[in-house]
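A short worksheet on the structure shown next.
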Amino acid sequence: MNLREGVIWAYRLILNREASEEEISRHLVNWTSAQDLRRALRTSREWAILMDRAGLPFQARHPVDWHEGVLWAFRLLLRREPSAEEAERHLVHNDSVNALRLRLLATREFEVGSSGSMAMLDFAIVNAFAPFPDLEPVEGAFRDMLGAITRVAYLGQGWHGRAGYVFRSVPRDREPSLHGTSEWVGTLRSVLEARDRFTAVELGAGWGPWLIASRQAALARGFDDERIELIGVEGSSDHHAFMLDNFRTNGLDPSRYRLYHAVAGAKDGVASFPKLHAAEDDYGAFAAFGDEAVGVDRMTASQHGELEEIPCISLDTLLADHERVDLIHIDIQGHEEDVIRAGMETLNAKARRMVVGTHSRAIEGHLFDLFHANGWVCESEVPCVLRPLMDGTLALYVDGEQVWRNDRLDGAIAA
């Protein structure tokens, strides 16, 4: 066993850089096992801030022995020796460090056997889009690391100070963000797993941030706009106008896409949705459906503004013309369970991944039961955050996130 190569490949696979000669010597003197080395690197300060460098591709300074790389990738990432067939299969022409890393980290074996190490997979997924472009600031807007532009006019005053800002990676603790890391990773992984086309759907779309972000990611992976389909559904007339403007801001003609002023519902029909008092500050409004239109939900919904009737579209109808949808992002303020449950048969047949915004612990539990009963795999779960009120009750403070994968559909990551 070549321990020097083991140290070199541990730095490549875990810290995405070459080890110095001093580091190699130190680890060889203190060598105990591959897993102790993995643990040492994963608990380092450098690892804690590694996502800051996710936009930088690996650059080799030592000779690259791919045979040793495959052996040590199995030892360090899957904690076992590869079979002869596996070792041969992973010797890929024109391979890269991140491609090798990603092939093993994206396996069910790693997912089950290293559940506490999923941050390694998160980094590998984001790093698959490196190098990030060198982006110029945009007046009155901020940009994500792949170039998507968001005008601060869509958002409350607290975000106006971000005008001209360029995010250099996915969200980290030191940087305010509208969206969570798991949402980003689920979205980017959907792009990596897309076949000859990429299709994204955003329900409760707001200004369509995930449609634009996933489109930028698809472009970065070599798709052109003719092979990218974006579908948005938004109940607020003001937010729908924001979505159309957001498409134009990012160089797209919104008339080429299915961007509905409507709500997603359990069945087709009509729903009531408020005309918002302050659209840039209010992304918590929700629809009233059917019998609810004369009940408590209607009164609660109307607190956000005067209600208007708009179309209600089921998942069965929305996805009727599609054989495969790579990503569905759904954030509809508490109606997620009803909509997903009603469309589950269609989702099982057509949807590869769902990113779900959650709004209560009860909904989170029900979604776990529903998706598990239908054979979906939970890739990530961040519970919603509740805060106590003076009357002793709890109120939603921060939405939760769940990312679900449907393995009925092919999900091999494209080279």
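Start at 1 with the first residue, then count along the sequence.
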Before we go on, tell me: are the rings of Tyr154 and His239 under 6.0 Å apart, centre to centre?
no

Candidates Val403, Val126, Leu121 - the one meeting side-chain contact (heavy atoms from CB on, under 4.5 Å) with Arg189:
Leu121

With salt bridge (Lys or Arg N to Asp or Glu O under 4.0 Å) as the test, would you mind laying out the steps for Asp321 and Arg258 before giving the verdict?
CA-CA 12 Å; Asp321 297 332; Arg258 294 165 59 193; 5.3 Å; no

Side-chain donor/acceptor of Arg221 to backbone N/O of Ala128, under 3.5 Å
yes

Under 3.5 Å donor-acceptor, Arg215 side chain and Asn250 backbone:
yes

Can you tell me how the ring of His372 sits relative to the ring of Phe368, calling it parallel under 30°, perpendicular over 60° and tilted otherwise?
tilted

Between Trp210 and His329, how do the two ring planes meet: parallel, tilted or perpendicular, split at 30° and 60°?
parallel

Only residue of Ile212, Leu155, Asp245 satisfying side-chain contact (heavy atoms from CB on, under 4.5 Å) with Trp207 is Leu155

Closer than 4.0 angstrom, basic N to acidic O: yes or no for Arg79 and Glu109?
no

Quick one: closest heavy-atom pair of Ala213 and Asp144, and the distance?
CB-OD2, 4.0 Å

How about His335 and Phe289: are their ring centres within less than 6.0 Å of each other?
yes

Taking all non-hydrogen atoms of both residues, which atom of Ala220 and which atom of Phe129 are closest, and how far apart?
CB-CD2, 4.1 Å

Do Ser190 and Asp326 meet the criterion of a side-chain donor-acceptor pair at a distance under 3.5 Å?
no

